[in-house]
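These notes concern the structure reproduced below.
Values in this document were obtained by computation on a predicted structure and should not be read as measured data. Atom set for the values below is all heavy atoms of this structure, side chains included, hydrogens, waters and symmetry mates excluded.
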Amino acid sequence: MPDNGWPADRIDTESAHSARIYDYILGGKDYYPADREAGDAMAREWPALPIHMRANRDWMNRAVRWLAEEAGIRQFLDIGTGIPTSPNLHEIAQSVAPASRVVYVDNDPIVLTLSQGLLASSEEGKTAYVEADMRDPGSILDAPELRETLDLSQPVALTVIAIVHFMLDADDAVGVVRRLLEPLPPGSYLAMTIATAEFAPEEVGRVAREYAARNMPMRLRTIDEAHEFFTGLDLVEPGIVQVHKWHPDGTGEQGIRDEDIAMYGAVARKG
C-alpha cells in the first residue's frame, strides 16, 4: 500500500480508481483496499484480465521502441500516463535515443505526486509532467511545461494508451484526439490502444459492469469505431489489430488467445 505523504484532501482512498486497479493487477504497490477489492472482483468475472492488462503494457513497450528505432521519433506526448510502472515510456525512448523528450499528462493527484520518478530523465533528454484532463485538450497544448519541453515544429508521437474507454460519447473522444493531433507537424504519429468487447463480449461486459458499479462507466468500441480515430492518417502495418498481434517480439505473446485480449492497438503517421 502506498505511504508517500499524498495530500489527503485530493485522494479518495475509499473508492476504487482505474489507475490504481491497473497498478494492482500488474503487481504494483500503489493501491488501496478498494482498488484491490475491485481488481479481484473483475478478475473473478474475467480471469484473463491480468493477461489482457499485461499485453497492453507490453504493446506500449514495443510501440514506443518502434517509434524511436524505426520512425526516428525523439519527442513524445503521453496522454493518461497512469501510475509509473517501469520501464516508463521515457525510459524506453531514451534507451534508444538518450536525447528523447517526453511530456506526461494525467489528472490524477497520485500520478502527480509520483511524477518525480517520471522526471528522472537522461542527462541528454528531458521529461515534464502536465496536470490536465484530456477532455480539455487546450489546457494540455497551452501548458508551459509542454511548450518548454517539446518543439512542435518537429515530429511528435502522441500516445493515448488504454484511456479512451473511459470517455463516453458525450466526451467526443475522437474529436479530442484530433484536437491533440492538430498542432503536431507532418511526420508525427498517433499510437493508441482502444478497448473492445468484440472477442469476449460476455466476460468483458461483466468487467465493464464492475467498473460502472464503482462510478467508472466505460465505452467499449468496435473495430469500425476504432478506425475513426485514425481517419486521414497512414496506418503502420499491420494496421489496427489486437495488441498481442502488433509487431510481436516473441517475449510475451506465446499462448495468448484472442479471447484473452480486449484491446486494439495501432500506430499511424500524420502525412
Side-chain angles (χ1 to χ4, degrees), residues 48-49 51-80 82 89 92-93 96 134 137 155-167 169 171-182 184-201 203-204 208 218-271:
L49 183 63
I51 297 171
H52 155 82
M53 287 188 170
R54 282 193 295 269
N56 178 77
R57 187 74 189 181
D58 290 344
W59 180 92
M60 186 277 287
N61 295 351
R62 297 195 307 277
V64 171
R65 183 167 294 278
W66 185 93
L67 286 162
E69 287 184 343
E70 303 298 328
I73 295 297
R74 299 294 179 261
Q75 301 188 110
F76 295 81
L77 175 56
D78 184 51
I79 307 297
L89 189 152
I92 300 166
V96 176
M134 74 174 294
V156 176
L158 173 65
T159 57
V160 186
I161 300 171
I163 188 68
V164 294
H165 52 277
F166 292 116
M167 299 183 71
D169 288 345
D171 298 317
D172 186 21
V174 172
V176 166
V177 171
R178 288 177 180 166
R179 176 70 184 90
L180 290 167
L181 272 173
E182 184 179 351
L184 306 186
S188 294
Y189 283 82
L190 171 64
M192 288 188 70
T193 61
I194 301 164
T196 183
E198 292 192 303
F199 299 93
E203 295 88 342
V204 176
M218 302 176 75
R219 173 65 163 86
L220 303 169
R221 291 175 169 84
T222 65
I223 185 65
D224 288 341
E225 290 171 324
H227 271 280
E228 294 177 11
F229 288 97
F230 299 94
T231 300
L233 306 178
D234 297 322
L235 283 163
V236 172
E237 291 294 333
I240 303 174
V241 296
Q242 286 175 286
V243 288
H244 65 301
K245 296 180 177 180
W246 195 91
H247 291 250
D249 60 9
T251 61
E253 305 85 11
Q254 297 92 335
I256 295 181
R257 306 174 304 163
D258 288 357
E259 56 265 37
D260 292 339
I261 302 298
M263 197 77 77
Y264 288 119
V267 175
R269 185 178 187 275
K270 181 178 180 180

For residues 241-248, which side-chain donor-acceptor pairs fall under 3.5 Å, sequence neighbours excluded?
residue	atom	partner	partner atom	Å
Q242	NE2	D258	O	2.7
Q242	NE2	I261	O	3.1
H244	NE2	D258	OD1	3.2
K245	NZ	D258	OD1	3.2
K245	NZ	D258	OD2	3.0
H247	NE2	E237	O	2.7

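- Taking all atoms of both residues into account, the shortest heavy-atom contact from P155 to P185 is N-CG, 3.8 Å.
- Remark: D172 engages no residue in a side chain to side chain donor-acceptor pair (under 3.5 Å) (not counting sequence neighbours).
- When the side chain to side chain donor-acceptor pair (under 3.5 Å) test is applied to E70, no partner is found at least two apart in sequence or on another chain.
- The side-chain heavy atoms of M134 and D171, taken from C-beta on, include no pair separated by under 4.5 Å.
- The side chain to side chain donor-acceptor pair (under 3.5 Å) contacts involving residues 188-197 comprise N56-T193, where partners must be two or more places apart or lie in separate chains.
- Taking the ring pair (Phe, Tyr, Trp, His ring centres under 6.0 Å) definition, one finds that F76 meets it with nothing, sequence neighbours left out.
- In this structure, the separation between CE on M263 and CE on M192 is 10.0 Å, given to the nearest 0.5 Å.
- Considering CD1 of I223 and CZ of F199, their distance stands at 7.0 Å, rounded to 0.5 Å.
- For the atom pair CD1 of I79 and CD1 of I163, the computed distance is 9.5 Å after rounding to the nearest 0.5 Å.
- For the pair V160/F229, no side-chain contact is recorded, criterion being any heavy-atom separation below 4.5 Å from C-beta on.
- Expressed to the nearest 0.5 Å, how far CG of L190 lies from CG of L180 amounts to 9.5 Å.
- Side chains of H227 and I240 form a contact here, defined as non-hydrogen atoms less than 4.5 Å apart.
- Annotation for I73 and G187: closest pair CD1-O, 3.8 Å, computed over non-hydrogen atoms.
- The salt bridge (Lys or Arg N to Asp or Glu O under 4.0 Å) contacts involving residues 221-236 comprise R219-E225, where partners must be two or more places apart or lie in separate chains.
- Taking each heavy atom of L67 and A157 in turn, the nearest pair found is CD1-CB, 3.9 Å.
- Applying the side chain to side chain donor-acceptor pair (under 3.5 Å) test to R257 and every residue at least two apart in sequence or in another chain returns E259, D260.
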>> Apply side chain to side chain contact (heavy atoms under 4.5 Å, CB included) to residues I256 and I51 and explain how you reach the verdict.
In response: CA-CA 8 Å; I256 295 181; I51 297 171; 4.2 Å; yes

Residues 264-271 side chain polar contacts: donor-acceptor under 3.5 Å, at least two apart:
residue	atom	partner	partner atom	Å
Y264	OH	E198	OE1	2.4
K270	NZ	L181	O	2.9
K270	NZ	E182	O	3.1
K270	NZ	L184	O	2.5

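- Here I92 contributes atom CD1 and R62 contributes atom CZ; the two are 11.0 Å apart, rounded to the nearest 0.5 Å.
- F166 pairs by the ring pair (Phe, Tyr, Trp, His ring centres under 6.0 Å) definition with Y211, not counting sequence neighbours.
- Residues satisfying the side chain to side chain donor-acceptor pair (under 3.5 Å) test with R57, not counting sequence neighbours, are none.
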